Amino acid sequence: MSGIQVHSSSPPFASFPEAAQAILPLLGDVADLALWTVVKKEGDEWLPIAVRDRHYTIQRGMRFPWQQWPCSRMVCGAGPGITPDVSKVPVYAATGAAQSWPIGAYIGRPLFEPDGRLFGSVCGVDPDRRDLDAERIRPRLDLVVRILSTFMVLQEQIDAEQHRAQRAEQDARVDHMTGLLNRRGWEIAQHEEQQRLDRMDGSVGVIYADLDALKSVNDEFGHDAGDALIKRCAMVLQEQARPYDSVARIGGDEFALLISGARREDMSVFIARLREALAAADVPTSLGWSWSGLGGSVAAACREADSALLSVKPKRLRA
């Protein structure tokens with residue numbers, strides 16, 4: 001049944017806190033306590049990341065000392081997970097929260113990350129002592145915790161896959177010998193720079209560079225020496241460029257730079273400085289450059305820079 005699109009009125013949750021918030025009404029059905037919250041333990045702090053509160057004015061994003069809450073005792077097994085009367089459980093009654101706020105009943109379950117580390121807890125409290133049916137509550141609470149744990153596992157898998165995809169995309173743009181952009185990365189950089197020009201009415205300088213001596217170095221000293229020359233050239237280009245410029249190796253001995261936001265009068269100064277740095281590093285290189293301003297084309301500037309390089313290259317080789 002190709003071509004059929006299914007639209008759901010209930011899209012998937014975008015984050016773990018969103019899923020946790022949505023599940024809190026179910027916890028209210030498990031036991032109608034004044035406060036239900038999903039808590040993250042962050043260092044020595046207790047952070048509610050999802051809250052359903054009818055009494056204590058606790059809000060998402062608040063921070064409390066972890067040791068002040070009954071959860072800190074519950075997760076290590078020092079106190080029961082279902083407590084109708086906190087005053088009868090000394091380890092809970094002695095906590096700062098129980099002494100500062102009216103806490104009669106308490107329910108808690110630890111929540112673990114996929115690797116087994118403690119994430120936090122699912123926590124419910126009420127100002128009054130409550131007649132809690134543990135046999136009814138326990139399996140339902142365990143199911144809620146299992147659902148949240150499953151979401152965490154799936155989210156970790158999604159995050160890992162996205163990280164792998166981003167890494168693969170990044171690797172696909174990078175020349176592994178020099179760490180510069182490769183030709184694909186260069187094409188993407190041109191596209192992004194064109195978007196910036198169109199959006200900001202900006203300008204850009206383009207420089208093409210070609211090593212003059214790579215073949216002779218390879219022939220006389222071997223390819224290791226040639227690779228070293230390529231890397232030295234890449235290092236000089238990268239050092240002379242600014243962090244927001246784009247530097248690429250687009251061929252064996254060919255390099256290119258996008259100088260974002262450059263004014264036309266800046267380019268001759270930059271070219272002179274670049275030539276000086278290349279000479280100081282003993283990297284004989286031919287350069288061709290162009291510039292594009294308001295309403296211009298990055299692609300056209302690249303063609304002009306390439307033509308300028310071709311016109312200079314024979315002269316340098318004859319010199």
Side-chain angles (χ1 to χ4, degrees), residues 166-193 196 202-292 298-299 301-317 319:
Q166 290 170 355
R167 182 65 180 269
E169 175 64 23
Q170 183 179 12
D171 287 348
R173 298 185 184 192
V174 173
D175 172 60
H176 294 291
M177 177 186 290
T178 63
L180 304 180
L181 296 174
N182 60 16
R183 180 168 285 280
R184 181 166 184 261
W186 173 246
E187 291 171 354
I188 293 171
Q190 289 182 66
H191 175 71
E192 292 174 347
E193 187 65 23
R196 190 192 66 80
S203 59
V204 64
V206 180
I207 302 171
Y208 274 48
D210 194 297
L211 286 170
D212 292 336
L214 182 61
K215 185 177 185 305
S216 61
V217 169
N218 283 335
D219 291 344
E220 187 173 353
F221 301 106
H223 285 277
D224 287 346
D227 290 348
L229 179 63
I230 290 171
K231 292 176 183 178
R232 198 158 68 247
C233 181
M235 182 180 67
V236 172
L237 297 178
Q238 190 73 73
E239 287 176 346
Q240 294 301 311
R242 299 161 302 178
Y244 45 87
D245 296 331
S246 297
V247 186
R249 182 187 178 206
I250 58 175
D253 57 357
E254 300 172 2
F255 299 84
L257 298 86
L258 285 175
I259 311 301
S260 186
R263 296 173 298 180
R264 183 186 288 276
E265 57 269 28
D266 294 334
M267 289 303 296
S268 58
V269 175
F270 184 85
I271 288 290
R273 190 172 72 243
L274 183 57
R275 285 196 174 112
E276 183 178 344
L278 288 165
D282 194 23
V283 182
T285 309
S286 295
L287 302 175
W289 68 275
S290 184
W291 179 88
S292 184
V298 175
C302 288
R303 289 192 295 270
E304 291 172 5
D306 191 33
S307 296
L309 174 64
L310 291 175
S311 68
V312 169
K313 182 78 174 177
K315 299 175 184 177
R316 283 183 57 85
L317 290 179

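Owing to the predicted nature of the structure, the values given are computational and were not obtained by experimental measurement. Both backbone and side-chain heavy atoms feed into the values below; hydrogens, waters and symmetry mates do not.
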K.L.:
For the OH atom of Tyr208 and the CZ atom of Arg303, what is their distance to the nearest 0.5 Å?
P.N.:
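The CZ atom of Arg303 is 9.5 Å from OH of Tyr208, to the nearest 0.5 Å.
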
K.L.:
For the residue pair Asp245 and Ser260, what are the closest heavy atoms and their distance?
P.N.:
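So the two residues come closest at OD1-N, 3.0 Å.
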
K.L.:
With rounding to the nearest 0.5 Å, note down the distance linking CG in Leu229 to CG in Leu211.
P.N.:
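Rounded to the nearest 0.5 Å, the CG-CG separation comes to 5.0 Å.
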
K.L.:
Quick one: closest heavy-atom pair of Asn218 and Gly226, and the distance?
P.N.:
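Where Asn218 meets Gly226 most closely, the heavy atoms are OD1-CA, 3.2 Å.
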
K.L.:
Given 3.5 Å as the limit, does a donor-acceptor pair link the side chain of Arg173 with the main chain of Leu181, or not?
P.N.:
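A pair under 3.5 Å: no.
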
K.L.:
Give the minimum heavy-atom separation between Trp186 and Ser246, together with the two atoms involved.
P.N.:
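The answer is CZ3-O, 4.2 Å.
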
K.L.:
Of all heavy-atom pairs between Ala301 and Val206, which one has the smallest distance, and what is that distance?
P.N.:
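Here Ala301 and Val206 meet closest at CB-CG2, 3.8 Å.
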
K.L.:
Let me have the donor-acceptor pairs involving side chains of residues 262-269, under 3.5 Å, with sequence neighbours excluded, atom names and distances please.
P.N.:
{"unit_1": "Arg263", "atom_1": "NE", "unit_2": "Asp266", "atom_2": "OD2", "d": "3.2"}
{"unit_1": "Arg263", "atom_1": "NH2", "unit_2": "Asp266", "atom_2": "OD1", "d": "3.2"}
{"unit_1": "Asp266", "atom_1": "OD2", "unit_2": "Arg263", "atom_2": "N", "d": "3.1"}

K.L.:
Is it true that atom CD of Glu192 has more than 12 heavy atoms of other residues, nucleotides or ligands lying nearer than 6.0 Å?
P.N.:
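Enclosed: over 12 neighbouring heavy atoms sit under 6.0 Å from CD of Glu192.
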
K.L.:
Return the CG to CD1 distance between Leu237 and Ile207, rounded to the nearest 0.5 Å.
P.N.:
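Going from the CG atom of Leu237 to the CD1 atom of Ile207 covers 8.5 Å.
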
K.L.:
Looking only at non-hydrogen atoms, find the nearest pair between Gln190 and Ala299 and report the distance.
P.N.:
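Minimum heavy-atom contact is OE1-CA, 4.2 Å.
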
K.L.:
Minimum heavy-atom separation for Ser203 to Trp291, with atom names?
P.N.:
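Closest pair (atom of Ser203, atom of Trp291, distance): CB-CZ2, 3.7 Å.
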
K.L.:
If the test is side chain to side chain contact (heavy atoms under 4.5 Å, CB included), which one of Met177, Arg183, Glu254 qualifies with Arg249?
P.N.:
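Only one of Met177, Arg183, Glu254 forms a side chain to side chain contact (heavy atoms under 4.5 Å, CB included) with Arg249, namely Met177.
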
K.L.:
Between Arg196 and Glu193, does any side-chain N to carboxylate O distance fall below 4.0 Å?
P.N.:
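A salt bridge links Arg196 with Glu193.
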
K.L.:
Once rounded to the nearest 0.5 Å, what's the spacing between atom CG of Asn182 and atom CD of Glu187?
P.N.:
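Answer for the CG-CD pair, Asn182 versus Glu187, is 9.0 Å.
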
K.L.:
Output the distance between atom CG (Leu310) and atom OG (Ser286), rounded to the nearest 0.5 Å.
P.N.:
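Taking CG in Leu310 and OG in Ser286, the distance rounds to 10.0 Å.
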
K.L.:
Quick one: which of Leu257, Val312, Leu278, Asp210 gives a side chain to side chain contact (heavy atoms under 4.5 Å, CB included) with Leu287?
P.N.:
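Looking at Leu257, Val312, Leu278, Asp210, the match for Leu287 under the side chain to side chain contact (heavy atoms under 4.5 Å, CB included) is Leu278.
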
K.L.:
Does Asp282 have any side-chain hydrogen bond (donor to acceptor under 3.5 Å, both in side chains) partners at least two apart in sequence or in another chain, and if so, which?
P.N.:
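For Asp282, no residue satisfies side-chain hydrogen bond (donor to acceptor under 3.5 Å, both in side chains) once neighbours in sequence are set aside.
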
K.L.:
Once rounded to the nearest 0.5 Å, what's the spacing between atom CD1 of Ile230 and atom CZ of Phe255?
P.N.:
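Separation between the atoms: 6.0 Å.
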
K.L.:
Which pairs pass side-chain hydrogen bond (donor to acceptor under 3.5 Å, both in side chains) with one or both residues in residues 230-241, sequence neighbours excluded?
P.N.:
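Found Gln240-Arg273.
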
